[in-house]
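Got a structure here, written out as structure tokens. Questions coming.
From a predicted model like this one, the values you see are computed outputs, not experimental measurements. Any value given below was found using the heavy atoms of this structure, including those in side chains, with hydrogens, waters and symmetry copies removed.
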Amino acid sequence: QVQVVESGGGLVQAGDSLRLSCAASGLTFSIFDSGWFRQAPGKEREFVAAIRWIDDKIYYGDSVKGRFTISRDNAKNTVNLQMNSLKPEDTAVYFCAVGRVVGSYYEAARYTYWGQGTQVTVSS
């Protein structure tokens, strides 16, 4: 049984940093693509970042470029999201997604396994 579990969310102030971590089990993590999405209340799920398993190519959403960094540790079956210079508009539930992506890495439907999400709240 595949499990995907996020951790590291919390309440921070604008300008602060936060590091999210996602642990995956029940699959050979090193041969799966992984990514982060977020969803704010009343909004659609938004692509944040992804990393491709085959060559570690990285993708970022426009709103987080230059502030967020995605990385993975295959030995620990984890993918991390370092978030710097946080803004109130970054407030959302952040979801980790894992899958063998065919097509666009920006589309949530391309990922198979999802965590339950972790809340990130940035106060102004």
Checklist line | Contacts of Tyr111 that satisfy ring-ring contact (aromatic ring centres under 6.0 Å, His included) - sequence neighbours left out | finding: Phe37
Notebook entry, point to check: Side chains of Ser63 and Glu89: is there a donor and an acceptor less than 3.5 Å apart?
Noted result: no
Next item on the list: Could you list who else is in Val5's hydrophobic cluster, with ILVMFWY side chains joined at under 4.5 Å, directly or through other members?
Entry: none
Next item on the list: Just grab all the salt bridge (charged side-chain N to carboxylate O under 4.0 Å, His left out) pairs involving residues 70-88, residues at least two apart or on different chains.
Entry: none
Next item on the list: Using ring-ring contact (aromatic ring centres under 6.0 Å, His included) as the criterion, list what pairs up with Tyr106, not counting sequence neighbours.
Entry: Phe47, Tyr59
Next item on the list: Return each pair, listed once, that meets salt bridge (charged side-chain N to carboxylate O under 4.0 Å, His left out) where at least one residue sits in residues 105-124; pairs must be two or more places apart or across chains.
Entry: Glu107-Arg110
Check: Residues in side chain to side chain donor-acceptor pair (under 3.5 Å) with Asp90, at least two apart?
Finding: Arg38, Arg67
Next item on the list: Just grab all the side-chain hydrogen bond (donor to acceptor under 3.5 Å, both in side chains) pairs involving residues 1-18, residues at least two apart or on different chains.
Entry: Ser17-Asn84
Note to self: Could you work out, with side-chain contact (heavy atoms from CB on, under 4.5 Å) as the rule, every residue matching Ser71, not counting sequence neighbours?
What the structure shows: Arg19, Asn80
Item checked: Within residues 50-61 or reaching into it, pairs that qualify as salt bridge (charged side-chain N to carboxylate O under 4.0 Å, His left out) - sequence neighbours excluded -> Arg52-Asp55
Please set out all donor-acceptor pairs under 3.5 angstrom arising from side-chain atoms of residues 25-35, sequence neighbours excluded.
| unit_1 | atom_1 | unit_2 | atom_2 | d |
| --- | --- | --- | --- | --- |
| Asp33 | OD1 | Trp53 | N | 2.9 |
| Asp33 | OD1 | Tyr105 | OH | 3.4 |
| Asp33 | OD2 | Val101 | N | 2.8 |

Notebook entry, point to check: Listed by chain and number, what are the side-chain contact (heavy atoms from CB on, under 4.5 Å) partners of Lys43, not counting sequence neighbours?
Noted result: Ala40
Margin query: Checking Thr118 now: which residues fulfil side chain to side chain donor-acceptor pair (under 3.5 Å) with it, not counting sequence neighbours?
Written below: none
